[in-house]
Amino acid sequence: MHFVGVDLAWGERRPTGLAVVDADGHLLHVSAVRTDDEIVTGLAPYVDGDCLVAIDAPIVVPNATGNRPAEAALNRDFARFDAGAHPSNTGKPEFREQPRAARVAARLGLDINPRSRRPRRAIEVYPHPATVALFRLGRTLKYKDKPGRDLEQLRAQLVMLIGLVEGLEHADLPLHVGGLAGWQELRAAAETAARKSELRVVEDQVDAVVCAYIGLFAERAPDRVTTYGDLATGYIVTPTLPADLEPTPRLGRGSEGPLDVGSAVRRYAELQPGLVPVTEGFVRLVTSILDEAGINYLTVTGRAKSVSSFALKAAKTVDGRLIFSDPLHEITDQIGVRVITYVHSDVQAVVDLLEDQIVVHDDRDLGQETASEGRFGYASRHLLVGLDPTRDDADGLLHGHRAALQIRTVLQHAWAEFEHDVRYKGAVPPEHVLDLDRRFTLAAGLLELADREFSTIRDLLRDGPAETAAAVDAERADDDPRMSPRELAAFLAGQYADAGWSRTDHYAWISALVLELGITSLAALGDTLRSVDDELLRERMGYRYPPGAVRRLDDALLWVHGERYVELRGNEHRASALRARLAKMRDED
């Protein structure tokens, strides 16, 4: 048996959405058409046998004015959830003759009596009250284009509906949409739509899928369905409103209390632009902390969660129930920062450093959790961080905000990104799922081994012999006073054998400062550093993390040259931080 959804436009100039679900709840077809002929042709393969066609449009309209009795009855239950029905009557041109829905049903040869048990039938349905009942929404999702609703808000609400529909896979009466490429294309189109007209085409087809599911629901769970009205006066079939469901209060911006998912998404759409500069501030903060410590890393990036991504997460369900009861406060990755390191040991070094500099509210080692289950797979360190109330916030942005911080190696990042794209953005045929799991597990194990080998390689290079200052100086052109980053790196590897690697661009930066001090050879730099009491310097600085070679040199030059080093032109942007370090070196209270 096929369950067909038709989101029927009231005229042939606007798109009509079509969707077909099989007896096991698998989405077989989704498309958009315009004319009656296209509807009949598109549905022909699915309605020649047993079928139930659920049409979002009035089928029976006998009344000359006002509401049909079915609409009045439905409104008494659902209007307070913003899910009331518009009046249908023969005073409107579209219903003056035979309603389009009745005309399409007749062409398909379908019985339109809601009480009939014939094998080929059509019923009138209405997605708005159905989504309220099925997903326990405090109010309807506002994905329909109306005055005052901008593109971003419409997109967010539609993406949330898509997420809720996908969540029906885990309902007691499941719907499986992810295996159809057409559904994946709809989701991508909704997330990237640049115009409201593009959203409208997606909206019609998603509504058609909801209609098809209402038909499946009405057939398989008739005791959980209400039919408002009757064949003589017109009717609407919808899942029954839960007795304990109450509408969400219309809270103002300053009101307290949790918002339902729809209201939370609308509020987040208002807040999201303001999170962009906050995210940039957290990226600058984390970058400055790592650079100041001399920890080597590949990138520090950030993003303010998009409205559509927030909506999709807010719509996630488990066993048919929403995961987040208060998504605006429970979704903690609205501000996201990611640090990518080269080797695994640097992940812990970054964690230790951040714990010393900012407030860590939560710390989860996803790699350790995976390993504790005896598996290979996703590995990443996840922190929830905020600014210490006593720390200066130069931008005045960060206090009161928290950021979700991911720290992982280059290899862990590559695995996670590829796995996410394949599993969650692509459609994996069911027959390939087990083989895909095995291959991802194998790849995760190989990458973990590679991470270990990279750490070993770095340790061997760190402990190995370094070029002498004289040998490196001899290679340089006689008329070039500068020390290249490669020369300086080789020298510092010998000078600070126990230090970690620093970023390549930091070697270039520190070499410019060395030249500004008038030091033009590695031999002269070596002479300068011999006056530094390394043991006392390390004791005064109290490093809680393994500082990189550039940071060690930076501190040594500050130790030797003091205020002169602070006042170098290349240090203008960090003069206050250097003076604080200098006071620490001199053990000044």
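Please read these numbers as outputs of a predicted model, since none were measured by experiment. Below, all heavy atoms of this structure are taken into account, side chains as well, without hydrogens, waters or symmetry copies.
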Any donor-acceptor pair under 3.5 Å linking the side-chain atoms of [Y] with those of [X]?
X    : Y    : result
W183 : E166 : yes
Q205 : S31  : no
N89  : T65  : no
R155 : Q153 : no

- Item | CA sep, side-chain torsions, deciding dist, call: Q272, S306, side-chain hydrogen bond (donor to acceptor under 3.5 Å, both in side chains) | CA-CA 7 Å; Q272 198 268 352; S306 70; over 6 Å; no
Determine yes or no for a side-chain-to-main-chain donor-acceptor pair under 3.5 angstrom, with [X] supplying the side chain and [Y] the backbone.
X    : Y    : value
E71  : R68  : yes
T16  : R34  : no
T279 : G302 : no
E203 : L158 : no
H176 : E169 : no
N63  : T233 : no

With heavy-atom distances below 4.5 Å as the criterion, would you say the side chains of [X] and [Y] are in contact?
X    : Y    : answer
V125 : T238 : no
V40  : L108 : yes
H26  : V177 : no
I123 : I59  : no
Y213 : V21  : no
L110 : C51  : yes
P129 : L241 : no
M1   : E219 : yes

- Task: Decide yes or no on side-chain hydrogen bond (donor to acceptor under 3.5 Å, both in side chains) for Q98 and R103, but give the supporting numbers first.
- Result: CA-CA 6 Å; Q98 184 183 35; R103 188 170 68 244; 5.5 Å; no
- What are the two closest heavy atoms between A19 and L27, and how far apart are they?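 The answer is CB-CD1, 4.3 Å.
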Does a salt bridge link [X] with [Y], judged by any charged N lying under 4.0 Å from a carboxylate O?
X    : Y    : result
R303 : D333 : yes
D111 : R121 : no
D82  : K142 : yes
D244 : R136 : yes

- Item | Partner of H128 under ring-ring contact (aromatic ring centres under 6.0 Å, His included), chosen from Y143, F78, F81, F135 |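 When ring-ring contact (aromatic ring centres under 6.0 Å, His included) is applied between H128 and each of Y143, F78, F81, F135, only Y143 qualifies.
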- Task: Only counting residues at least two apart or in another chain, list the ones meeting ring-ring contact (aromatic ring centres under 6.0 Å, His included) with F3.
- Result: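 ring-ring contact (aromatic ring centres under 6.0 Å, His included) check on F3 returns nothing, list empty.
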- Task: Go through the steps to decide whether D145 and R200 satisfy the test salt bridge (charged side-chain N to carboxylate O under 4.0 Å, His left out), and finish with yes or no.
- Result: CA-CA 8 Å; D145 185 18; R200 176 60 193 265; over 6 Å; no
- Check against salt bridge (charged side-chain N to carboxylate O under 4.0 Å, His left out), R100 and E94: CA-CA 8 Å; R100 189 182 185 193; E94 57 268 25; over 6 Å; no
- Looking at I55, L18, D207, V206, which hits side chain to side chain contact (heavy atoms under 4.5 Å, CB included) with D7?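 It is D207; the other options fail the test.
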- Task: Would you indicate whether R107, at its atom CZ, is surrounded by more than 12 heavy atoms from other residues, nucleotides or ligands within a distance under 6.0 Å?
- Result: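 More than 12 heavy atoms, drawn from other residues, nucleotides or ligands, come within 6.0 Å of this atom.
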